[in-house]
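What follows is a single structure, written as structure tokens, with notes after it.
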Amino acid sequence: MEEIEIIKPDDWHVHFRDNEILKAVVPETSRHFARSIVMPNLVPPILNAKQAIEYKKRIEKAIPKADSFEPLMTIYLTEETNKNELKTAYKNGAIFAVKLYPAGATTNSDSGVKDIKKVMPVLETMAEIGMPLLIHGEVTDKEIDIFDREKVFIDQKLDFICKKLPELKITLEHITTKEATKYVENGNENLVASITPHHLALNRNALFVKGINPHNYCLPILKRETHREALIKAAISGNRKFFLGTDTAPHLTKDKESDCGCAGVFNATYCVPILTQLFDNKNALSQLENFISRHGALHYKLNINKEKVKIFRSSKKIIFKKFINVNKEKIKIFAPDFPVFWKIIK
Ligand code: DOR
Ligand code: ZN
């Protein structure tokens, strides 16, 4: 059996939700990852340090004793966010980063930002103190085709922010297009991007295989194969500007398989084996550690994890569990449409 050993990975973008779902999903991430940046789009959202600290405690309670895992907390940027409170919360370590959702762009984003100009004073403060900004990069205008919303956001909004504040640390999250890879590659050194396993594994055809597939519906929506290829190229390139953010986003199956199904793919459980397989398929295993265990920490100026993990290649395709249970409900676990032979023993 082939075996590789890499530095323990980090996941720079997760949704843990709250209550029963939180208890069910936190161990799926804490099993394999050392740290995660936790998204604030709860209902109601995490808007200040006090709420973030309480939420962190609820997450910590759900971490199994055997795992050592650190949640890094974020707050949800609104046009009312107070820059002085934010500065204090960052300096005392309560909040790690700020998330910018354009209002209405995705799940629970209604209180997000409508007019970027209104949050520029907050962004200026963040640039001064070195606090990272995480961006859901899609415009929300109904007239803009859903497949173009990331590209238009880059042209109309991101470019404005980057030009005004080149010293602001920005992560363009879950990028999905070749335009995004190019923009980030050519952008200033503080601009980086995260990429999800599902956008690396699937193109938009996966939404319509023998019928409609709500479990592959996420935002930004899956794009054409040419875009997926650009993402793979970026992920395996060794370029420090690209790293893993799984955007693992649990929703109960009844909420996905509905007349208005939620956006989000729950991928925490098999994310590392799936990525290993994707890199292996491209003969790029030597870049896996950079993408999942190094580049993010370098951008966020954190230590690289000391612990190592072993990943094994089995001769037989791995059989994935299909669901995790949440009381009487369930959450579907993401599995790609290609065989996976890699496995983490834990
Ligand atoms: O697919 C997604 N699901 N994209 C997001 O941006 C949010 C997430 C969620 O919270 O469900
Ligand atoms: Zn997300």
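These values consider heavy atoms only, across backbone and side chains, with no hydrogens, waters or symmetry-generated copies. In each ligand, atom 1 is the first atom listed, and ligand 1 is the first ligand listed.
In this structure, Glu173 falls outside the shell of residues with a heavy atom less than 4.0 angstrom from ligand 1.
Residue contacts with ligand 1, taken as heavy atom pairs separated by less than 4.0 Å, involve Arg17 solely via side-chain atoms from C-beta onward. Heavy atoms of Ala263 found under 4.0 angstrom from ligand 1 belong to the backbone as well as the side chain. At a heavy-atom distance under 4.0 Å, no atom of Val265 approaches ligand 1. Only the side chain of Asp247 comes within 4.0 Å of ligand 1, judged by heavy-atom distances. When non-hydrogen atoms are compared, ligand 1 lies under 4.0 Å from neither the backbone nor the side chain of Met39.
Protein heavy atom closest to atom 1 (O) of ligand 1, with residue, atom name and distance, is Leu219 N, 2.9 Å. What sits closest to atom 7 (C) of ligand 1 on the protein, heavy atoms only, is Thr106 OG1, 3.2 Å.
Leu47 and Val38 are members of different hydrophobic clusters when ILVMFWY side chains are connected at heavy-atom separations under 4.5 Å.
Between Phe16 and Phe69, the ring planes lie perpendicular to each other; the angle is over 60°, past the 30° to 60° tilted range.
Ligand-side atoms of ligand 1 in range of His136: 6 (O), range being under 4.0 angstrom from any heavy atom.
For His13, the nearest N, O or S atom to the Zn ion (ligand 2) falls under 2.8 Å. Look at His15 and the Zn ion (ligand 2): an N/O/S atom of the residue is under 2.8 Å from the metal.
Looking at Cys218 next to ligand 1, no N or O pair under 3.5 Å apart turns up. At a 3.5 angstrom cut-off on N or O pairs, Asn41 counts as close to ligand 1.
The residues Lys83 and Glu124 are annotated as not salt-bridged, no charged nitrogen and carboxylate oxygen being separated by less than 4.0 angstrom. Ion pairing between Arg31 and Asp67 fails under the 4.0 Å rule for side-chain N and carboxylate O.
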Side chain to side chain donor-acceptor pair (under 3.5 Å) between Glu229 and His227, worked out: CA-CA 5 Å; Glu229 282 164 1; His227 294 290; over 6 Å; no
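Residue Asp247 approaches the Zn ion (ligand 2) most closely through its N/O/S atom OD1.
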